[in-house]
Q: 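To start, I am sharing the structure in question, which I have written as structure tokens.
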Protein chains: 2
Amino acid sequence: MTTGREAILGIMAQSAEHLSAEDIYIRVHEQKPSIGLTTVYRTLELLVSIGMVAKFDFGDGRARFELLQGPKCVKYHHHLVCTGCSRIIEYSDFIAEEISILESIQAKLSKKYDFVITNHLVQYCGLCAKCCTEKKSGTEQLTEDQRVLA
Amino acid sequence: MTTGREAILGIMAQSAEHLSAEDIYIRVHEQKPSIGLTTVYRTLELLVSIGMVAKFDFGDGRARFELLQGPKCVKYHHHLVCTGCSRIIEYSDFIAEEISILESIQAKLSKKYDFVITNHLVQYCGLCAKCCTEKKSGTEQLTEDQRVLA
DNA sequence: TCGTTAATGGTAATGGTTGTCATTTACATT
DNA sequence: AATGTAAATGACAACCATTACCATTAACGA
Ligand SMILES: [Mn+2]
Ligand SMILES: [Mn+2]
Ligand SMILES: [Zn+2]
Ligand SMILES: [Zn+2]
């Protein structure tokens, strides 16, 4: 354990969730300017490999990371993602009923296909209310543009 | 609908699943060399936007696509992914019990958070039997190397 | 303090994906 | 069939998150 790794873990423990590697780099850099972006990537890779950090892809072209251990950490991270604005809602209301069935299926899959299953991913994708109305008005504007050109 | 789009759809209908954009480009190029990679990307984007094709990220750095409509297409694509060799198993055995609870939760999430939810993603991640043994022996070799150097 | 190994950081390279723009195609109209 | 217009296309360049490289530095036990 080095000072750089401690600083990165500290940032992840106190910051909001779903940070990108660059997000973390910027915050770590503020309090310890000697740390480079490469080290952030390497540390995150290490933390993911030992199961201390989860890596997600929400479709916006960069990976997102969140701490799995420590206070105010939840075991399961199921997400509701807006494909319009990349807003992420981490719901916990209906997790319980999901978990039991997911774990049951995990056991069956592991046995049938001879896999060592380490984790799973559940993600709902759609549009939030704001993006939904924007998309509608956006479509209207597009047809107006087409009429102007016609 | 253009000839290029028809060719791409034809390839996706008859090929194995989980093709990357370049996979599709290579196959389309064989039977229609005039089609470029850019058109493949643009067509896939279009097909995804109208819900005819699903786009997945299995963590190997490139997007994967599969047709959602037509014969031999299933409605739900839940995957078991090996993080070692990127092998993908599309299981269908235990889907039924998943679907009902996922749809129930989708309805609750949609109502509570005011989202229009278009699809969801379920993915189990782990190591297949082959990669699991390789990883163990790989670790042993690594320690042997360390001993040789020591 | 010293020595060895692992970690680091700056920078270049990688590679999937997207942007640009001149040219071609599709298709409705004549 | 010929024509006109908007959409689609393809070659190429640009983008950008991530990774590779390598000389330098930090960690840590002796
Ligand atoms: Mn989360
Ligand atoms: Mn599939
Ligand atoms: Zn949104
Ligand atoms: Zn494998």
Q: Are A:T83 and A:F58 side-chain neighbours, meaning at least one heavy-atom pair lies under 4.5 Å?
A: no
Q: Determine the minimum heavy-atom distance between B:S110 and B:F115, stating which atoms define it.
A: OG-O, 2.6 Å
Q: How long is the straight-line distance from CD1 of B:I11 back to CD of B:E6, given to the nearest 0.5 Å?
A: 13.0 Å
Q: Measure the distance from CD on B:E45 to C1' on D:dA7 and round it to the nearest whole Å.
A: 15 Å
Q: Please confirm whether the shortest side-chain N or O distance from A:Y41 to OP1 or OP2 of D:dT18 is below 4.0 Å.
A: yes
Q: Can you tell me which residue among A:T2, A:V53, A:T43 is in a side-chain contact (heavy atoms from CB on, under 4.5 Å) with A:I8?
A: A:T43
Q: If I take atom CE in residue B:M1 and atom P in nucleotide C:dA26, what distance separates them, rounded to the nearest angstrom?
A: 12 Å
Q: State whether A:E103 and A:K108 are salt-bridged, where the test is any N-O pair (Lys NZ or Arg NE/NH1/NH2 against Asp/Glu carboxylate O) under 4.0 Å.
A: no
Q: Which residues in residues 51-67 of chain B have a heavy atom closer than 4.0 Å to any atom of DNA chain C?
A: B:G61, B:R62, B:A63
Q: Identify all stems in which DNA chain D takes part, counting only runs of at least 3 consecutive pairs (Watson-Crick or G-U wobble, each distance under 3.5 Å), and give each as one range with another, ordered by first number.
A: C:1-30 with D:1-30
Q: Looking for any heavy atom pair under 4.0 Å, which part of the strands does A:T38 touch: base, sugar-phosphate only, or nothing?
A: base
Q: How many angstroms lie between OG in A:S104 and CZ in B:F94, if you round to the nearest 0.5 Å?
A: 8.5 Å
Q: Pull out every residue in residues 3-31 of chain A that has a heavy atom closer than 4.0 Å to any atom of DNA chain D, ordered by number, or say none.
A: A:T3
Q: Hey, mind stepping through A:Y124 and A:H79 against ring-ring contact (aromatic ring centres under 6.0 Å, His included) and telling me if it holds?
A: CA-CA 6 Å; A:Y124 288 93; A:H79 299 114; over 10 Å; no
Q: Run through B:Q123, B:H120, B:E90 and flag the one making a side-chain hydrogen bond (donor to acceptor under 3.5 Å, both in side chains) with B:H77.
A: B:E90
Q: Before giving the answer on side chain to side chain donor-acceptor pair (under 3.5 Å), spell out for B:Y76 and B:N119 the whole-Å C-alpha distance, their side-chain angles and the decisive distance to 0.1 Å.
A: CA-CA 9 Å; B:Y76 290 98; B:N119 63 313; over 6 Å; no
Q: Could you tell me the separation between the CG atom of B:L46 and the P atom of D:dA7, rounded to a whole number of Å?
A: 14 Å
Q: Select one nucleotide: of C:dT8, D:dT9, C:dT17, the one nearest the side-chain heavy atoms of B:T2.
A: D:dT9
Q: In terms of side-chain geometry, is the basic nitrogen of A:R64 or A:D23 positioned less than 4.0 Å from the acidic oxygen of its partner?
A: yes
Q: Any donor-acceptor pair under 3.5 Å joining the side chain of B:R42 to the base of C:dG19?
A: no
Q: If you take all heavy atoms of A:G51 and A:Q69, which pair is closest and at what distance?
A: O-NE2, 3.7 Å
Q: To the nearest Å, how far apart are A:L37 CG and D:dA17 C1'?
A: 9 Å
